[in-house]
Amino acid sequence: MISETTFLCAGPLTGHRGRRLVLDAVETGPLPGGTITALLGANGSGKSTLLRAIAGLFPVQGPVWLGPHDLGAMRAPERAKYCAYMPQTLPPPIHIQAMETILISMQAGGTRANDHAFKTAESVLACLGISDLALRFLDELSGGQRQLVGLAQALARSPALLLLDEPLSALDLRHQFEVMRMLRRETEARNMITVIVLHDLTMALRRTDAAVMLSTGRVIARGAVEDVITPAGLSQAFGVQARIERSTQGDPVVLVDGVSDVL
Amino acid sequence: MAPSESCCVVAPASGGDGLLFVTATDSSDITGLQQAYRALMWRRIRILAGLVAVLIVCFLTDLSLGPAHLSLTDVLRTLTGGDNGGADTVVVWKLRLPFAVMAILTGAALGLAGAEMQTILDNPLASPFTLGLSAASAFGASLAIVPGWRLPLPWIGGEWIVAVNAFIFAIGAALLLDLVARWRGAATGTVVLFGIALVFTFQALVSLLEFLASEDALQELVFWTMGSVTRATWPKIAVLNTAFSIIFPWSLRSAWALTALRMGEDRAASLGVDVPRIRLASLLRVSILAALAVAFSGTIAFVGLVAPHIARRLLGEDHRVYLPGSILVGGIIMSAAAIAAKNLISGEVLPVGIVTALVGIPFFLVIVLRQNRATS
């Protein structure tokens with residue numbers, strides 16, 4: 001068990017796509033275990049690329065350390081032991097049962113199916129409230145259901161580092177809420193480092209601890225989420241005029257009033 | 001440490017085995033879901049056994065039919081050593097048996113090649129025939145016959161030059177396809193169009209050679225354009241069988257990785273699958289299988305395309321059962337086609353390739369139309 005808190009320290013990371021600079025000395029700062037960090041920014045700002053770089057799927061220059069482990073220097077099979085990544089694309093509608101895809105994601109590294117793996121898979125499905133989908137084929141499920149199965153695939157691997165690229169994009173309101181609550185619970189209970197690309201800023205404010213805001217491949221703000229999501233920050237990152245208000249229950253809400261001229 | 005509110009709160013003190021989930025219920029008893037999953041696996045094994053049974057029936061039927069009227073008991077008696085006159089022995093050992101075995105082996109090789117191609121190219125229309133591997137092999141084989149082109153490898157002689165040439169062109173075509181498939185996220189359609197371009201190119205080149213060929217060589221060449229198992233000999237069967245016996249376990253070893261690849265390349269890579277290596281190994285296997293099938297039986301249409309689709313419907317896409325399933329279905333289709341080829345026109349044995357093409361085209365259209373509906 002992890003006795004002290006582990007930190008993810010990524011960066012400064014620099015990466016190119018073709019000749020274009022897509023990550024410009026991006027640093028996440030130390031992200032402690034048991035916390036959720038949101039990656040924020042406009043379309044094409046480099047959020048997904050940063051996440052892929054941390055997952056080792058996009059070649060970059062720069063270090064990625066997870067506690068004492070140099071993730072950047074690891075080969076894919078070894079890195080997969082520490083880190084689970086869920087891509088933005090939904091799991092494709094293939095003719096395999098949901099349960100099986102979860103077992104595969106736990107075993108593609110080489111270990112064999114056993115009862116323990118099965119129980120883990122089963123409890124993750126129960127945790128996400130989709131036990132009834134276990135024996136359904138992915139090509140019979142809706143997009144949102146497949147996204148939940150994709151999330152189960154990542155969680156079932158019990159990673160130290162969980163990287164999720166827009167995990168809520170296909171979910172209905174209730175499932176969005178439930179998934180974020182579950183992520184919070186699991187992140188704390190497992191002392192996991194969770195990094196999520198999010199577009200819902202209100203959700204980010206309420207459900208994450210820290211945030212990294214990107215614009216055109218550079219970090220424009222990082223730190224505690226309420227210090228990052230500010231009218232000034234939103235104007236710079238998204239080019240919008242926005243307010244952060246309190247709801248009648250005291251929770252923060254992001255309201256967009258218009259387009260700012262700054263960008 | 002009471003996991004009161006959640007269904008899957010961890011037990012942090014339970015040691016560092018990495019698997020932190022524990023079920024709320026007693027973890028030793030077998031749950032209903034696990035039982036259901038086991039039942040599913042058993043059902044798949046039963047389906048595989050059923051396919052084996054069908055294959056055996058096809059094989060025996062194939063053996064007992066033909067221009068020379070021999071009953072199944074005659075055939076079996078000859079096979080088990082009971083020699084009732086020279087003619088029967090010749091018919092069974094030189095014609096019936098090698099043809100029937102070659103049909104099944106060719107079908108099995110094409111089924112496996114098609115199944116792997118559809119997975120690594122992430123394309124339901126992929127198969128050695130539809131994407132030009134067969135045409136490329138046929139051209140390579142033709143080159144050995146008409147201008148007599150060959151690699152400067154003196155120790156390879158006779159008929160094997162044809163097989164080596166077929167392989168070189170098959171792997172070349174396969175690598176080109178892979179290149180296009182990886183080209184900045186080329187769409188499914190692009191790969192298919194490129195494959196069709198390969199088919200036409202190599203067919204045109206084969207036609208060119210046919211035009212230039214002498215009478216005798218033309219006879220040889222026509223064989224490549226219509227697949228047939230009537231050139232089967234025991235040495236050829238031995239080579240195909242050896243290749244298949246090496247390649248099939250090799251494929252099965254990658255079964256997990258291949259299944260993971262079906263969930264998307266990024267997902268597979270993040271699971272620790274070395275995607276480029278898996279893909280290259282798979283292309284190598286596909287090329288060997290396609291090249292040998294073409295070198296020995298000519299271009300056989302659509303078996304490599306249709307067999308994986310049938311296997312997928314029957315067994316799902318877990319490659320541990322999907323790959324054997326594709327092999328069995330491929331063998332069954334070819335065997336059945338060989339039976340049909342003998343009996344469609346009485347007294348004539350049609351080239352099997354013609355039969356599989358005629359039967360395969362409707363299947364092909366169904367797959368294309370269903371694909372259209374799924375994407376629109």
Side-chain angles (χ1 to χ4, degrees), chain A residues 1-2 52 55-57 75-81 83-87 89 91-97 99-101 103-110 115-127 131 134-135 137-139 150 153-158 163 182 185-186 189-191, chain B residues 3 5-25 27-28 30-34 36-41 119 122 184 255-275 277 309 312-313 315-319 322 374:
Chain A
M1 205 60 217
I2 308 152
R52 281 169 53 85
L57 300 172
R75 287 176 46 77
E78 202 187 344
R79 191 185 301 115
K81 287 181 203 158
C83 154
Y85 164 76
M86 176 171 129
T89 47
I94 51 178
H95 201 61
I96 308 185
Q97 279 95 344
M99 187 61 170
E100 212 153 24
T101 66
L103 292 174
I104 288 158
S105 70
M106 293 165 75
Q107 284 152 20
D115 285 358
H116 195 168
F118 197 95
K119 291 232 155 57
T120 308
E122 208 178 336
S123 62
V124 174
L125 284 171
C127 191
S131 297
L135 293 179
F137 288 102
L138 286 199
D139 56 5
Q153 290 167 5
L155 276 171
R157 295 170 56 211
S158 307
L163 306 168
M182 184 277 303
R185 195 174 64 215
E186 295 302 318
R190 305 177 187 197
N191 201 22
Chain B
E5 66 152 329
S6 88
C7 50
C8 51
V9 160
V10 296
S14 69
D17 63 353
L19 290 165
L20 297 178
F21 277 103
V22 289
T23 36
T25 54
S27 63
S28 66
I30 291 163
T31 59
L33 192 57
Q34 195 158 5
Y37 184 74
R38 279 187 185 160
L40 187 81
M41 289 313 254
T119 295
D122 187 19
R184 297 205 180 191
W256 281 117
L258 286 170
T259 315
L261 205 55
R262 285 295 289 134
M263 305 198 294
E265 198 176 319
D266 256 9
R267 223 173 283 270
S270 77
L271 298 177
V273 175
D274 188 345
V275 177
R277 217 197 65 210
H309 280 274
R312 197 174 292 141
R313 283 296 122 188
L315 296 155
E317 290 190 67
D318 180 341
H319 281 54
Y322 165 63

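Reminder, nothing fancy here: chain letters follow the sequence lines and each chain counts from 1.
- Between Thr89(A) and Asp266(B) there is no side-chain heavy-atom pair separated by less than 4.5 Å.
- Between chain B and the residues Leu138(A), Leu163(A), Leu135(A), Asp139(A), the most heavy-atom pairs under 4.5 angstrom are made by Leu135(A).
- Only the side chain of Leu40(B) comes within contact range of chain A, with at least one heavy atom under 4.5 Å from a heavy atom of that chain.
- Nearest approach of Tyr37(B) to Glu100(A), heavy atoms of both residues: OH-OE2, 3.5 Å.
- The structure places CD1 of Ile96(A) at 12.0 Å from CG of Leu315(B), a figure rounded to the nearest 0.5 Å.
- The shortest non-hydrogen separation linking Arg157(A) to Ser270(B) is NH2-O, 3.4 Å.
- Using a 4.5 Å cut-off between heavy atoms, Gln153(A) touches chain B through its side chain atoms alone.
- Within the 4.5 angstrom heavy-atom criterion, atoms from both the backbone and the side chain of Ile94(A) approach chain B.
- Across Pro77(A) and Gly272(B), no two heavy atoms sit closer than the pair CG-O, 3.5 Å.
- Summarising the geometry, atom CD1 belonging to Ile104(A) is positioned 12.0 Å from atom CZ belonging to Arg267(B); distances are rounded to the nearest 0.5 Å.
- Here the NE2-NE2 distance, from His95(A) to His309(B), works out to 12.5 Å after rounding to the nearest 0.5 Å.
- Between the CG atom in Leu103(A) and the OG1 atom in Thr259(B) there is a gap of 11.5 Å [rounded to 0.5 Å].
- Contact between Ala269(B) and Ala76(A) at its shortest, heavy atoms only, is O-CB, 4.3 Å.
- One finds the CZ atom of Arg38(B) at 8.0 Å from the CZ atom of Phe118(A) (value rounded to the nearest 0.5 Å).
- Heavy-atom minimum distance, Pro92(A) versus Met263(B): CD-O, 3.3 Å.
- The existence of a salt bridge linking Arg79(A) and Asp274(B) is excluded, since no basic side-chain nitrogen approaches an acidic carboxylate oxygen closer than 4.0 Å.
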